[in-house]
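Here is the structure we will look at.
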Amino acid sequence: MPTLGTLEVSRQGFGCMGLSHTYGRAEDAESIRTIRHAIDLGITLIDTANVYGRGHNEELVGQAIAGRRHEIVLASKFGIVPQDTQGDRRVNNEIAYLRDELDGSLKRLKVDHIDLYYVHRIDPTVAIEDTIGELVRQKEAGKIGAIGLSEASAETIRRAHAVHPIAALQSELSLWTREIEAEILPTVRALGIGFVAYSPLGRGFLAGSVIDDPDDRRHHHPRFHAEALAANEQRRASLARIADRLGASIAQVSLAWVLAKGTVPIPGTRHIAHLDANWAANDLVLDPQTIEELDAAFPVGSTVGERYPAQSAATVR
Ligand SMILES: NC(=O)c1ccc[n+]([C@@H]2O[C@H](COP(=O)([O-])OP(=O)(O)OC[C@H]3O[C@@H](n4cnc5c(N)ncnc54)[C@H](OP(=O)(O)O)[C@@H]3O)[C@@H](O)[C@H]2O)c1
């Protein structure tokens, strides 16, 4: 079983963001069934954030885990401001904001303790030492168990870890987003910090998702613009060839690759059938030659298009 600091978690977690209409519409009743099915499978790491659906996602998770709280490691985050609440301000790590957001998350999740609480984005106007200091106080008060960071630089990770052990870094890692392999992954490994890979299916691109909802957020992501997609699809053809050879789906090969990097992926899906297929990727062990082949098919930095729209890109490392 992988560990994030002292927290033992399942090999894959479940990312709940897409259950709040991020990538097409989702039905709450089906979403609750899907989260409960994830727990039935043995998935213990359930990932949400205050900002997903502006509280909707945490409320949904709260309903889904009712009566099953003891079976899971519950992770949430603060630090990204829902766009309509503070004008243009996208990131806020101020102490008063942290306290309010944590209390709001506990209320929406209907719990008195969050096992792993992340700083979702690093606020350049607040010293990371002050943020971690406050999180330590919240830990001592029993409101959170472990502290995590998301999208932090190597320097920020080291500074934060010097104040208090960081259990996990959650950043983007998938075949088409490999930038963290150079400096960030070695840094967390050296410090004994767990790595949680978000968007491990490339927001659906590496699973063959079809985008057919005009409100789908991926329309705003440069990588999903028509020209970029056309270029990126050429690389996906290599993935499909490898998947055919292995008798697996492209989503499963993509997840097996992320698992092979020694990380804990948290794929998201609205569909139980997709969840079952993704979980089965745990049994797909890629040999070193296949990993090399995949690495060569998706060289670092070769993906066409930025991973975030300009406004969000300004908030990541
Ligand atoms: N820390 C951060 O800043 C950050 C940022 C982004 C995400 N996250 C976390 O990471 C989690 C996962 O990331 P993500 O949701 O962005 O992307 P993802 O897991 O890479 O991809 C999700 C997409 O893949 C599709 N999909 C999943 N399994 C599939 C399968 N077997 N076959 C076909 N399609 C499949 C889903 O569609 P269907 O619903 O149709 O299956 C959905 O559109 C989020 O839920 C969230 O918890 C964190």
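One-based numbering, in listed order, for ligands and for the atoms of each.
Counting protein heavy atoms only, atom 47 (O) of ligand 1 is closest to D47 OD2, 2.7 Å. Nearest non-hydrogen protein atom to atom 24 (O) of ligand 1 is G204 CA, 3.2 Å. The protein non-hydrogen atom at the shortest distance from atom 22 (C) of ligand 1 is G268 O, 3.4 Å. Considering only non-hydrogen protein atoms, atom 44 (C) of ligand 1 sits nearest to M17 CB, 3.6 Å. Y23 OH, 2.6 Å is the protein heavy atom nearest to atom 16 (O) of ligand 1. Shortest contact from atom 5 (C) of ligand 1 to any protein heavy atom: Y198 CE1, 3.0 Å. Taking atom 37 (O) of ligand 1 as the reference point, the nearest protein heavy-atom neighbour is S209 OG, 3.8 Å. The shortest contact between atom 28 (N) of ligand 1 and any protein heavy atom is with N278 ND2, 2.9 Å.
In T22, neither the side chain nor the backbone holds a heavy atom less than 4.0 Å from any atom of ligand 1. Both the backbone and the side chain of A207 come within 4.0 Å of ligand 1, counting heavy atoms alone. Contacts between R218 and ligand 1, counted as non-hydrogen atom pairs separated by less than 4.0 Å, involve the side chain only. With a heavy-atom cut-off of 4.0 Å, S199 touches ligand 1 through backbone and side chain alike. When non-hydrogen atoms are compared, ligand 1 lies under 4.0 Å from the side chain of Y308 (C-beta onward) but not from its backbone.
A salt bridge does not link R90 to D123: none of the charged nitrogens lies less than 4.0 Å from a carboxylate oxygen. For R158 and E155, the salt-bridge test fails: no basic side-chain N is under 4.0 Å from an acidic carboxylate O. A salt bridge is absent between E306 and R223; no separation between the charged side-chain nitrogens and carboxylate oxygens falls under 4.0 Å. A salt bridge does not link R137 to E140: none of the charged nitrogens lies less than 4.0 Å from a carboxylate oxygen. A salt bridge links R68 with D40: the closest approach of a Lys/Arg side-chain nitrogen to an acidic carboxylate oxygen falls below 4.0 angstrom.
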Please step through side-chain hydrogen bond (donor to acceptor under 3.5 Å, both in side chains) for the pair N50 and E58, ending with a clear verdict. CA-CA 6 Å; N50 64 338; E58 288 183 323; over 6 Å; no
Intermediate values then yes/no, salt bridge (charged side-chain N to carboxylate O under 4.0 Å, His left out), R307 and E172: CA-CA 9 Å; R307 64 191 177 100; E172 188 168 355; 2.8 Å; yes
Show your working on ring-ring contact (aromatic ring centres under 6.0 Å, His included) between H21 and H56 and close with a plain yes or no. CA-CA 10 Å; H21 321 306; H56 167 265; 5.6 Å; yes
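Of the candidates W176, Y23, F298, F205 forms a ring-ring contact (aromatic ring centres under 6.0 Å, His included) with just one, namely W176.
Taking distance alone, with nitrogen or oxygen atoms compared against 3.5 Å, G15 approaches ligand 1 more closely than that limit. Note: an N/O pair closer than 3.5 Å links G202 and ligand 1 by distance alone. Here's the thing with K77: none of its N/O atoms is less than 3.5 angstrom from an N/O atom of ligand 1.
Taking the six-membered ring where the residue is Trp, the centroids of Y308 and H221 are separated by under 6.0 Å.
Interface atoms of ligand 1 facing H120, defined by a heavy-atom separation under 4.0 Å, are 1 (N), 2 (C), 3 (O). Taking every non-hydrogen atom of R270 and a distance limit under 4.0 Å, the qualifying atoms of ligand 1 come out as 38 (P), 39 (O), 40 (O), 41 (O). Those atoms of ligand 1 with a heavy atom of T269 less than 4.0 angstrom away are 27 (C), 38 (P), 39 (O), 41 (O). For ligand 1, the atoms closer than 4.0 angstrom to any heavy atom of L201 are 18 (P), 20 (O), 21 (O), 27 (C), 28 (N). Atoms of ligand 1 found under 4.0 Å from any heavy atom of R121 (numbered from 1 in listed order, with element): 2 (C), 3 (O). Every atom of ligand 1 is numbered from 1 in the order shown, and the set under 4.0 Å from a heavy atom of P200 is 19 (O), 20 (O). For ligand 1, the atoms lying closer than 4.0 Å to a non-hydrogen atom of I266 are 9 (C), 10 (O), 11 (C), 12 (C). Short contacts between ligand 1 and H271, defined as distances under 4.0 Å to a heavy atom of the residue, involve ligand atoms 38 (P), 39 (O), 40 (O), 41 (O).
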For residues 272-280, please give each side-chain donor-acceptor pair under 3.5 Å, one per line with the distance, not counting sequence neighbours.
from : atom 1 : to   : atom 2 : distance (Å)
D276 : OD1    : H37  : NE2    : 2.6
N278 : ND2    : H274 : O      : 3.3

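The closest side-chain heavy-atom distance from S249 to Q252 is below 4.5 Å. Proximity of P267 to L255: side-chain heavy atoms (C-beta onward) are separated by under 4.5 Å at one or more points. L246 has its side chain within reach of L286: a pair of non-hydrogen atoms, C-beta onward, lies under 4.5 Å apart. A 4.5 Å side-chain heavy-atom check between R11 and L259 finds at least one atom pair inside the cut-off. Here the side chains of D287 and T290 are in contact, with some heavy-atom distance below 4.5 Å.
Checking side-chain atoms of S174 against main-chain N and O of L201 turns up no donor-acceptor pair under 3.5 Å.
The closest approach between W279 and ligand 1 stays at or above 4.0 Å for every heavy atom of the residue. Within the structure, ligand 1 lacks E172 among the residues with a heavy atom less than 4.0 angstrom away. Ligand 1 is never approached by E151 to a heavy-atom distance shorter than 4.0 Å. Taking a 4.0 Å cut-off on heavy atoms, Y52 registers as neighbouring ligand 1. Within the 4.0 Å heavy-atom cutoff, C16 counts among the residues contacting ligand 1.
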